[in-house]
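Only a predicted model underlies this, so the values are computations on that prediction, with no experimental measurement involved. By convention in this document, chain letters (A, B, ...) are assigned in the order of the sequence lines, proteins followed by strands, and residues within each chain are numbered from 1.
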Amino acid sequence: MKKRIEDLTVTGNSRLAESFFVIKVYSSEGLPEIKPGQFVQALVTESPSTFLRRPLSVHDVDPATNTISLLIQTAGPGTERLSRLTPGEKLNLVYPLGNSFTLPAKGERVLLTGGGCGMAPLLYLGRKISESGVQPHFALGFRNRSRILSHKEFTSLGPVYLSTEDGSEGHRGFVTDIPEFRNEPWDRVYCCGPEPMMKAVAALCRSREIFCEVSLENLMACGLGICLCCVVPTTSGNLCSCTDGPVFNVNDLKWQTSG
Amino acid sequence: MKKRIEDLTVTGNSRLAESFFVIKVYSSEGLPEIKPGQFVQALVTESPSTFLRRPLSVHDVDPATNTISLLIQTAGPGTERLSRLTPGEKLNLVYPLGNSFTLPAKGERVLLTGGGCGMAPLLYLGRKISESGVQPHFALGFRNRSRILSHKEFTSLGPVYLSTEDGSEGHRGFVTDIPEFRNEPWDRVYCCGPEPMMKAVAALCRSREIFCEVSLENLMACGLGICLCCVVPTTSGNLCSCTDGPVFNVNDLKWQTSG
Amino acid sequence: MADLRIKIGPMEFRNPVILASGTCGYGAELEDFMDLSELGGIIVKGTTLEPREGNPYPRMAETASGMLNAVGLQNKGIDYFEKNIYPVLAKYDTHVIVNVNGNTIEEYVELSRRLDLLTAIPAIELNISCPNVKKGGMIFGTNPASAREVIAAVRKVYHKTLIVKLSPNVTDITEFARISEGEGAEAVSLVNTLLGMAIDASTMKPKLSTVTGGLSGPAIKPVALRMVWQVARAVRIPVIGLGGIMNAEDAIEFILAGATAVQVGTVSFINPRSGTEIVNGIEKYLVEKEFDSVSRITGIINRN
Amino acid sequence: MADLRIKIGPMEFRNPVILASGTCGYGAELEDFMDLSELGGIIVKGTTLEPREGNPYPRMAETASGMLNAVGLQNKGIDYFEKNIYPVLAKYDTHVIVNVNGNTIEEYVELSRRLDLLTAIPAIELNISCPNVKKGGMIFGTNPASAREVIAAVRKVYHKTLIVKLSPNVTDITEFARISEGEGAEAVSLVNTLLGMAIDASTMKPKLSTVTGGLSGPAIKPVALRMVWQVARAVRIPVIGLGGIMNAEDAIEFILAGATAVQVGTVSFINPRSGTEIVNGIEKYLVEKEFDSVSRITGIINRN
Ligand SMILES: Cc1cc2nc3c(=O)[nH]c(=O)nc-3n(C[C@H](O)[C@H](O)[C@H](O)COP(=O)(O)OP(=O)(O)OC[C@H]3O[C@@H](n4cnc5c(N)ncnc54)[C@H](O)[C@@H]3O)c2cc1C
Ligand SMILES: Cc1cc2nc3c(=O)[nH]c(=O)nc-3n(C[C@H](O)[C@H](O)[C@H](O)COP(=O)(O)OP(=O)(O)OC[C@H]3O[C@@H](n4cnc5c(N)ncnc54)[C@H](O)[C@@H]3O)c2cc1C
Ligand SMILES: Cc1cc2nc3c(=O)[nH]c(=O)nc-3n(C[C@H](O)[C@H](O)[C@H](O)COP(=O)(O)O)c2cc1C
Ligand SMILES: Cc1cc2nc3c(=O)[nH]c(=O)nc-3n(C[C@H](O)[C@H](O)[C@H](O)COP(=O)(O)O)c2cc1C
Ligand code: FES
Ligand code: FES
């Protein structure tokens, strides 16, 4: 799968909630094959304090229209500028980058869990899992009711369980407090979200010996494996989260030591 | 006259000709007194390669609507960004800056001459001269017919003589080749334009002992007299063109030595 | 309310924000934009014994997140300063510090002696780091023996607060800080500009009349911050940090790295009221983080 | 058509554009974006005798028009290189140069000796300027005696083209260039990164695990250009210029200042095909300006 650098055309920008939005970009060259869990490196123009590209997970792919969706949370000047993209503008991407989630085998019970912009890669992953004939379940965590992102598209793929930290909707607490998460016999759990969430999910899965993959969001300069800035300590030494990841099996990560 | 730093609101942006445009900005605080020849320092946002403010002459002032006009030529990334300003956007200015042209006495015969973006300060100067009861005449020079800027507003103030380098409209040659310039008994000549033009005008005026003021466009960092980067050699030593100028009487300039 | 006061030698400053030399004129130029009495102090233009015309135009080139200057210490000399500028400065309700320059040790000494007599000037900043003059300047600031000699000589005749302004164009800036401390300076300030250069590819010529010039602005902030951190760990006298500060957050970073005070330079060209904005921003930060004084965060990154 | 060929020692390069060490991996990572055979050469990752894990995460911080890195020479060591990487590199139709690092002179020498035997590697770049390792690295590049010693020692065992990569973190870089020339290096390359630092005001902590790191990108271009200009006037061996080159215009500025060739570093992170774009841009410039070869403009600003 060749990586490319390409000017895509913004075809949509819709706000999901305070500080979350979805950008759709269209490739006139025709999209390459993109695997769930892969990401793009987006060039942010017109933002004087943004020097490097910004890594963003592929949220969804529509091969019929050659369109990629990106689910973005405003975190600073770079994402703020992206939030103001309007249809017709160009967005230069280097993509597709990184490895991908391992798809389940037929008949496995799989849970996709995440929160905030960590939901980004889960939609496309859920779609691919669903296409492979397996039913994805989703466990999504939010701070409170007002921070809940629209998740219609998730619901169309499988059951969605919600948690909010204050209990204002769904189960009170974190995703790991959702009864379906704790009690059902999952074969695989996929997770993307803030580091504490991923660590909690990983701990739960380890204790129950569930296969668990997480998608890391380490700081990146290149996204191409040439700067070695995005490393994560693993059982096989420091690996680049941009090429050996961003998806890692939690058993390979040395999380106990790094924080 | 106090200088200020203020967010003004863009109320208009109209293209005059290939690479020339006029921006109108509105001050909700009410404009201070602005003298002809003064300039503003405009903050260019969203242009990563533009670090410093950009000096721009006041092209026109409408005290009734608290609006300033700027006539701008696209020269690089900073002015290019300004050319894309749209009504409603803010433009942060430090202004009013610099000295000003010396207004003529009643009954004097005055010629305002310039070319390209050097026309910028001449409209407001012409308006002020006209308001003082003196008839301004204008001699405007252009490369060729297609580069001629719309000058309706000049025409409404006084006679306009044109020159083009290729003779495609008006007199062939430079402004100094315009017969009215050469032959009429001017008491005062005011000039703003490319350096070769200003030097030619200055030489002609000196030889005929005509009072002549030019507005310089030296590179500036601050526009406030604090960086000492914009100096011009004068008979009284190096002076700041941002505070002692931008308007200088040509007799005070040591142009012979500087190039 | 957080206590923003800081001390440098015997001087107490209202707050740690000082306008940097060569970027605030004599203060008056910025009075339309801010109240100078809200600042910790101002360091006026580089001053010399004799008047100087400075370098030929062009003296400035914009660079990525910064600028080069080659002003070359244009000023009217100490006689003019005493007669025409000092009387104005003497009325300011803020610390006014003079930036002292010379071609020779004798010139530095003579100028310092004259400034020692001006009661309304409580301190001088000895500039041994100007990259834009052929003689003196950075030559003193990049050679340890010369640095020691000029600081010692000035110290003998100057009895008030002596700040030495260090050059970043050296292998080991802590060496010069230690020399300053050893020779009795009350503080060091750093950094002056980095020696840089710009070329216009279209004309195939250098952009500055002097070819090289001094680089300032955010581009140099990482280097300045590193040097401030190194120096703060190497000496006990207060460190005044500068280089690329554009806002309160930048200023706070220097303080966290160990700077007792900061100077704001190039930013004044872009935002002429940044001085007081930075004062307010530091106060806001302290209040939000629940520190009762700025001294609580000075050098905090080195504390454990 | 302009002749872009340049020579460094006995080597002829197709054109003066070389990918900089530590910013192009082993070349393969960029092959999807450009044809490496269109480049003058590539300098692969900093290599050491023994494998290295590098520094802990975080190793990177964005700065104004630049970035800091603290990778710390993570690599798998020369054994792994010979067995697994060299066979791939040997097939490239461009000059492949290895960036050589060590903790001790012995390590530099042993590594150079091993590389001398690899026939498809026509040159090494001796990195005496890495700011991100505790031992070796910049310590050799900021002390003239150590620099001389390590260059002399490597020169004895290395018989092909020896390029010495100089540190900008020195008072006088021409001294190190002259030492390199004196000890028989075929060329010098400059600059490596400037030592810098970044702090996160909200967490009150340094952004890098190592506190300080190496600054690269356009922020440092004015300093790099100045040093290249100084060095080009100080030595007769070719100078390879780098530091903040983002496009052909930047590269041309280095050549006008006296660089025989240029390296492109950090820009590859932002535009992974910038290498060939810069080659094409230089050619276009020469044609427009009616120069028949790149050598006609090398150091042109010094010619009158
Ligand atoms: C592989 C990968 C995939 C990602 N996918 C998405 C996505 O789909 N949607 C999305 O909204 N974001 C995603 N991110 C995070 C996103 O890249 C950052 O939020 C973005 O770079 C911030 O840029 P900025 O200029 O807006 O903010 P900055 O000013 O650069 O940063 C603002 C704050 O965010 C922190 N930050 C910046 N980058 C990261 C990071 N990579 N990880 C953690 N903290 C960071 C900074 O330290 C700072 O505190 C992903 C990151 C990676 C590495
Ligand atoms: C007092 C004053 C008044 C001015 N009034 C106007 C005006 O009313 N309208 C207008 O269009 N322009 C005016 N200018 C010039 C204007 O400031 C520059 O064109 C602008 O700064 C260029 O910015 P940029 O980022 O677009 O181009 P840059 O990329 O900065 O520069 C593009 C090219 O223009 C040259 N250049 C930049 N600034 C100047 C300058 N000050 N003088 C000469 N060449 C320059 C550069 O060397 C470069 O070759 C004025 C300048 C001054 C000093
Ligand atoms: C135009 C200009 C003139 C300067 N003149 C002086 C000077 O006379 N004396 C001095 O010590 N520093 C001088 N400096 C250096 C600044 O005081 C300051 O050390 C440097 O610019 C770095 O800080 P900054 O990045 O905040 O500007 C000058 C800087 C600039 C940009
Ligand atoms: C992430 C990173 C890793 C680097 N690794 C090395 C290295 O291993 N050896 C070396 O000599 N230089 C290394 N450098 C320095 C670059 O080769 C180059 O000298 C420097 O980045 C300045 O050039 P630039 O501004 O074009 O990037 C590295 C730079 C970066 C940004
Ligand atoms: S981000 Fe550069 S190697 Fe991963
Ligand atoms: S532009 Fe700074 S003094 Fe004139």
So what's closer than 4.5 Å to chain D heavy atoms on Ala198(C): side chain, backbone, both or neither?
backbone
In terms of heavy-atom proximity below 4.5 Å to chain C, should Leu215(D) be classed as side chain, backbone, both, or neither?
side chain
Over all atoms of both residues, closest heavy-atom pair of Ala201(D) and Leu256(C):
CA-CD1, 4.0 Å
Just do the side-chain contact (heavy atoms from CB on, under 4.5 Å) check on Leu194(C) and Leu194(D) with the steps written out, would you?
CA-CA 11 Å; Leu194(C) 266 78; Leu194(D) 267 78; 3.6 Å; yes
Of the listed Val211(C), Ile252(C), Thr63(C), the one with the largest count of heavy-atom pairs under 4.5 Å with chain D is Val211(C)
Is it the side chain or the backbone of Leu68(D) that comes within 4.5 Å of chain C heavy atoms, both, or neither?
side chain
In terms of heavy-atom pairs under 4.5 Å, which option from Gly196(D), Ala219(D), Pro222(D) contacts chain C the most?
Pro222(D)
Minimal heavy-atom distance between Ile301(C) and Met204(D), with the atoms involved, is CG2-O, 3.3 Å
Please list, in residue-number order, every residue in residues 282-291 of chain C that has a heavy atom less than 4.5 Å from any heavy atom of chain D; write 'none' if there are none.
Tyr285(C), Lys289(C), Phe291(C)
Taking atom types as modelled, is there a side-chain donor on Thr171(C) or Thr171(D) under 3.5 Å from an acceptor on the other?
yes
Considering non-hydrogen atoms only, spot the tightest contact between Ser65(C) and Ser65(D) and give its length.
OG-OG, 2.5 Å
Please determine whether side-chain contact (heavy atoms from CB on, under 4.5 Å) holds for the pair Glu249(D) and Ile199(C), giving the CA-CA distance in whole Å, both sets of side-chain angles, and the decisive distance to 0.1 Å.
CA-CA 10 Å; Glu249(D) 195 174 320; Ile199(C) 294 177; over 6 Å; no
Under a 4.5 Å heavy-atom cutoff, which of Leu225(C), Val170(C), Leu195(C), Asn143(C) has the most pairs with chain D?
Leu195(C)
